[in-house]
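Below is one structure, written out as structure tokens; comments come after it.
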Amino acid sequence: MAMRTLGRRPAAETRKGADEDAWIDVAGLEKTYTPRRSEPTTALKGIDFRVRRGEFVSVVGPSGCGKTTLLKILAGLIPHSSGQVRVSGREVAGPMPEIGMVFQEATLLPWRTILQNVMVPVEVQGLDRGTHRERARELLTMVGLDGFEEKYPSELSGGMQQRAGICRALVHDPAVLLMDEPFGALDAMTREYMNVELLRIWRQSGQTIALVTHSIPEAVFLSDRVIVLTPRPGQIAEIIDIELDRPRDLGVMASDRAGVYVDRIRRYFNAAGVMD
Ligand code: ADP
């Protein structure tokens with residue numbers, strides 16, 4: 001796959017609202033779904049955590065414990081029931097331009113080319129098309145999609161579409177990137193490649209990243225901290241500092257130190273009798 005290193009862009013410190021140290025600040029968060037035709041479901045309860053500017057945090061937990069719910073709340077896509085949620089110093093009350101979101105599926109618009117899809121946030125936010133088109137092309141090259149700019153989503157594999165979805169989330173250089181199991185549909189080798197690429201993008205951009213993943217080794221490899229949730233209603237079982245040196249390459253995952261973290265997280269799921 002073609003790779004190109006992006007030029008260094010402004011550090012996180014120069015971004016809007018950079019005086020806030022807790023870039024994501026969640027306190028006493030609860031979310032109860034109240035469907036019209038069925039019983040209420042409390043998905044999240046008593047969630048407290050802070051993510052520092054430029055930090056990479058992953059969220060792991062058994063299926064149905066509220067991981068996607070948490071990310072959607074952070075993204076301002078759904079309301080929470082109680083508690084406080086702040087991103088880059090502001091109360092989240094709806095989608096914010098400084099947040100980029102990558103969903104489990106690429107959700108590209110089938111009638112738009114790949115480049116046009118990547119440009120959607122630029123158009124929605126009324127940003128300068130010329131400079132961002134360059135950025136879009138750079139990102140597509142970096143994820144191995146140069147030459148596919150004018151193709152339509154149906155002409156690309158699922159993995160390629162997902163990589164385009166990641167470019168779309170990054171094109172406007174959001175200060176916060178929220179990723180919901182973004183690599184789940186990729187084959188193992190592409191997934192590892194994307195993990196390494198994501199770390200490279202993160203190192204260059206200084207973004208604050210919150211990632212939901214079903215893969216414990218992936219969470220350990222990528223993160224500064226891993227938030228482990230309990231079975232539903234999701235509560236925080238533990239927040240684990242991953243003290244592995246950076247920059248990291250895939251060899252890190254073969255190390256004993258990484259293995260200790262993976263085992264420690266896995267024990268929660270074994271104890272609860274659930275594994276994703
Ligand atoms: P996870 O991402 O950890 O698998 P989710 O956040 O998708 O978990 O879901 C958490 C819980 O909330 C689940 O029990 C799920 O059934 C419930 N839930 C999610 N979305 C809705 C919804 N729109 N209406 C009612 N219940 C929901």
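This chain uses plain numbering: 1 for the first residue, then up along the sequence. Quick caveat: nothing in here was measured; it's all calculated off a predicted structure. For ligands, and for the atoms within them, numbers begin at 1 and follow the listed sequence.
For ligand 1, the atoms lying closer than 4.0 Å to a non-hydrogen atom of R232 are 11 (C), 13 (C), 14 (O). Short contacts between ligand 1 and A43, defined as distances under 4.0 Å to a heavy atom of the residue, involve ligand atoms 10 (C), 11 (C), 12 (O). Residue-ligand proximity, K67 to ligand 1, at heavy-atom distances under 4.0 Å covers atoms 1 (P), 2 (O), 3 (O), 4 (O), 6 (O), 8 (O).
Among protein heavy atoms, the minimum distance from atom 27 (C) of ligand 1 is reached at Y33 CD1, 3.3 Å. In terms of protein heavy atoms, atom 8 (O) of ligand 1 is closest to G66 N, 3.2 Å. In terms of protein heavy-atom proximity, atom 7 (O) of ligand 1 is closest to T68 CB, 3.8 Å. Remark: minimum distance from atom 5 (P) of ligand 1 to any protein heavy atom is reached at T69 OG1, 3.7 Å.
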The test is side-chain hydrogen bond (donor to acceptor under 3.5 Å, both in side chains); show your working for N195 and E218 and say whether it passes. CA-CA 8 Å; N195 281 176; E218 181 173 273; 3.2 Å; yes
Verdict with reasoning, R225 to I240, per side chain to side chain contact (heavy atoms under 4.5 Å, CB included): CA-CA 5 Å; R225 287 188 298 154; I240 300 174; over 6 Å; no
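Residues W23 and R52 have side chains not in contact (no heavy-atom distance under 4.5 Å, counting atoms from C-beta outward).
We find the CZ-CG distance between F56 and L198 to be 4.5 Å, quoted to the nearest 0.5 Å.
Contact check on E181 versus R191 returns a salt bridge, with a Lys/Arg side-chain nitrogen under 4.0 Å from an Asp/Glu carboxylate oxygen. Salt-bridge formation is detected for the pair E98/R90: a Lys NZ or Arg NE/NH1/NH2 atom is positioned less than 4.0 Å from an Asp or Glu carboxylate oxygen. A salt bridge links R246 and D224; the closest N-O separation between the charged side-chain nitrogens and carboxylate oxygens is under 4.0 Å.
Less than 4.0 angstrom separates atom 11 (C) of ligand 1 from at least one non-hydrogen atom of the protein. Protein heavy atoms all stay at least 4.0 Å away from atom 16 (O) of ligand 1.
Within the structure, ligand 1 has G64 among the residues with a heavy atom less than 4.0 angstrom away.
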